[in-house]
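Here is the naming used below: chain letters follow the sequence lines, and residue numbers restart at 1 for every chain.
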Protein chains: 2
Amino acid sequence: MAVTITDVAKAAGVSKATVSKFLNGTHYVSQETKERIAAAVSELGYAPNRVAQGLSLKRSHTIGLVVANIGNPFYAELIRGAEEVAAARGYTLLLASTDGEPRRESTIVNAMRQRQVDGIAFASVRLADREVTALAKDGVNVVLASRHLPDAEVDMVLVDSVKGAKLAVNHLLQHGHRSIAYVGGPLSIAQFQDRLKGWKGALAEAGIEPPAMHELSLDRMDVEAGHQAGLRLLRLENPPTAIFAATDNLAFGIMQACDEMNRTIPGELALVGFDAVPFGAVSLSPLTSVDGSGLIMGQRALQLLIDRIERDQRTPAESRQVRMVLQPTLCIRRSCGCRSGTEN
Amino acid sequence: MAVTITDVAKAAGVSKATVSKFLNGTHYVSQETKERIAAAVSELGYAPNRVAQGLSLKRSHTIGLVVANIGNPFYAELIRGAEEVAAARGYTLLLASTDGEPRRESTIVNAMRQRQVDGIAFASVRLADREVTALAKDGVNVVLASRHLPDAEVDMVLVDSVKGAKLAVNHLLQHGHRSIAYVGGPLSIAQFQDRLKGWKGALAEAGIEPPAMHELSLDRMDVEAGHQAGLRLLRLENPPTAIFAATDNLAFGIMQACDEMNRTIPGELALVGFDAVPFGAVSLSPLTSVDGSGLIMGQRALQLLIDRIERDQRTPAESRQVRMVLQPTLCIRRSCGCRSGTEN
DNA sequence: ATGAAAGCGCTAACAC
DNA sequence: GTGTTAGCGCTTTCAT
């Protein structure tokens, strides 16, 4: 059906081997045959079959990207960044979503390996550190984006969550708040441990010891979870005057709760999120948020991964894994009580 | 490196062919050897190499999904739906983003064909009708989601845009508005022609002839474009009292403009969007919107595509292409002036 | 500088 | 029932 290298060879009156050599610039080919082949190629509209190439080369120029949930704008940004550099460097993405289920994640990883991906980028792994390390040891190029696996021996790019959380809380402190609650995701995820730690740390430095009810680690991270948490907090006998949400999605849910209970933001409740997804600019109350730069993480993660893939190509040696930590920044909008601006 | 079918054959003391037959259940294999093979498989942890399989079968169990912009929540939903059914039916998605550039789109299509995808789903094509038809005639299974190509001879799933727009405008009319502006995307896209037509039609039926300045067809569809359009409209000497935005993203931009100019929604300006992305619920003003059901389109599109792929497998006959039109529904939130609810 | 041949991992006739 | 063989489209020694 499609035109193959054999067709080109025939048309140019040479052997497949020569065509291949010419196409890949891997050996010398005489000027004259070069031209004949080039002519045949464009004449027939030949394009190499990547599958066949992959089988022979053991290289697919395909990268698996596994995210928890495509619907979450944070991942959407990350995917965008990843796709961008993948495309630029000649790779295409195999996308899969886990819905946060570790079991589904293993299935996906297997499927990807069977498809001979050159590497896998995890945006928010749920696998255990050792499983990821095992994967890497097993020869799979891996990179972790956004989620931190302290003991996994693979490349990762993440944002400094402790620092980010402190940025957020300190800002709220500067606005005069003394009663700042925390709403975050499951503590089984390192990122949330760090954000919680940052919150606690900033408060401690200000000599504040928050009541236990002001610390909420939920097991889900969607808007609805934030909504419920918001209601819970607002109905407390002594509700907080401000909330640091460890995720923008959570913050949006909290806004919804305020809306429902007729509490104004930032008037009656100040709010700062984490991620700074673009949508925050047009949310119920324009959201001040720690910039987790999903886009950049997506980009960097893929750069790291592709670099490793292409390096391994030459030298299958174990190179030291890099851990890239992005510095967070505060994207100030109005939900904190400010008018606007950016701060570091 | 990885374990191959040959290893399994060796371990089970049979030939590769037998292993293959057993694995694919394509021929009878004696109970005894079945067991021996099964044992070898699990012993060695064998998993077939899909690339090799693909080369032999000319089937990759991979589907290309091309979207305009992953950052747009409408596409995010669509991707989510697509990924869901792809995974359920044993396919994985090759994702690529065009940024709305037709040239990039062709490049992507070529890359995907080289990778032997079993089919391509376009969420918002920019290619011309005849190019898409040519693709289909050339043996590529194609489905169009969301965007309408009147003359392309391929499967498509779309939402009835004329009807959706009427739903929106009529609702605004019922709220007593007589001055309803339209803000939409490029008229080169059929969807926007339809939404414009629906707007005009509904107004005409109400005996209203809108002034020319109240009809804005922009060439971009991002939030910023909506923002600019909103400012333009609000600064008119006789600004509209309501706006129908042909896309939620555009509506968000308009909200931003209102916010900037201190116009309340729906008090001073009523607003209805199109798409009903989840975020509308927590936007500056909870957005009433025509439900374009991106998620469902993503699902249906992939079902259509996979059905066709698997049908073609058996009978390469040209089957009539299906055009699936989803009925829009109005997702009522507050930006129109209502309190809440749903209407058809 | 070019070609012949083997091999990547799998499937599919066709024999036995 | 099971094995032999050829072939999918490409790359890559190894000769020439």
What's the [atom1]-[atom2] distance between [X] and [N], to the nearest Å?
X	N	atom1	atom2	result
A:E32	C:dT2	CD	C1'	12 Å
B:E35	D:dT2	CD	P	12 Å
A:Q114	C:dG9	CD	C1'	13 Å
B:N49	C:dG9	CG	C1'	6 Å
B:K58	C:dA12	NZ	P	13 Å
B:L55	C:dC8	CG	P	14 Å
B:H61	C:dG9	NE2	P	20 Å
A:D7	D:dC8	CG	C1'	13 Å

State plainly whether the residues [X] and [Y] are in salt-bridge range, i.e. N to O under 4.0 Å.
X	Y	result
A:R104	B:E83	yes
A:D307	A:R89	yes
B:E84	B:R80	no
A:D118	A:R59	yes

- Query: Just to confirm, is there a sub-4.0 Å distance from OP1 or OP2 of C:dG3 to any side-chain nitrogen or oxygen of A:S15?
  - Reply: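 Looking at the OP1 and OP2 atoms of C:dG3, one of them is under 4.0 Å from a side-chain N or O of A:S15.
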- B:Y28 or B:A52, whichever maps to the more 5' nucleotide of DNA chain D: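 Closer to the 5' end of DNA chain D: B:Y28.
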- With sugar-phosphate meaning primed atoms plus P, OP1 and OP2, does B:V51 contact a base, only sugar-phosphate, or nothing at under 4.0 Å between heavy atoms?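 Nothing, no nucleic acid heavy atom in range.
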- Residues which pass side chain to side chain contact (heavy atoms under 4.5 Å, CB included) with B:A88, listed by chain and number, not counting sequence neighbours: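 Not a single residue meets the side chain to side chain contact (heavy atoms under 4.5 Å, CB included) criterion with B:A88.
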- Message: Let's go through B:R308 and B:R311 carefully: what are the C-alpha distance in whole Å and the side-chain angles of both, what is the deciding distance for side-chain contact (heavy atoms from CB on, under 4.5 Å) to 0.1 Å, and is it a yes or a no?
- Response: CA-CA 5 Å; B:R308 177 173 288 275; B:R311 173 158 15 98; 4.0 Å; yes
- Message: Return the OH to CD1 distance between A:Y75 and B:I79, rounded to the nearest 0.5 Å.
- Response: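 A:Y75 atom OH to B:I79 atom CD1 measures 15.5 Å (nearest 0.5 Å).
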- Just by protein heavy atoms under 4.0 Å, how would nucleotides 11-16 of chain D read 5' to 3' in B, S and -? BB----
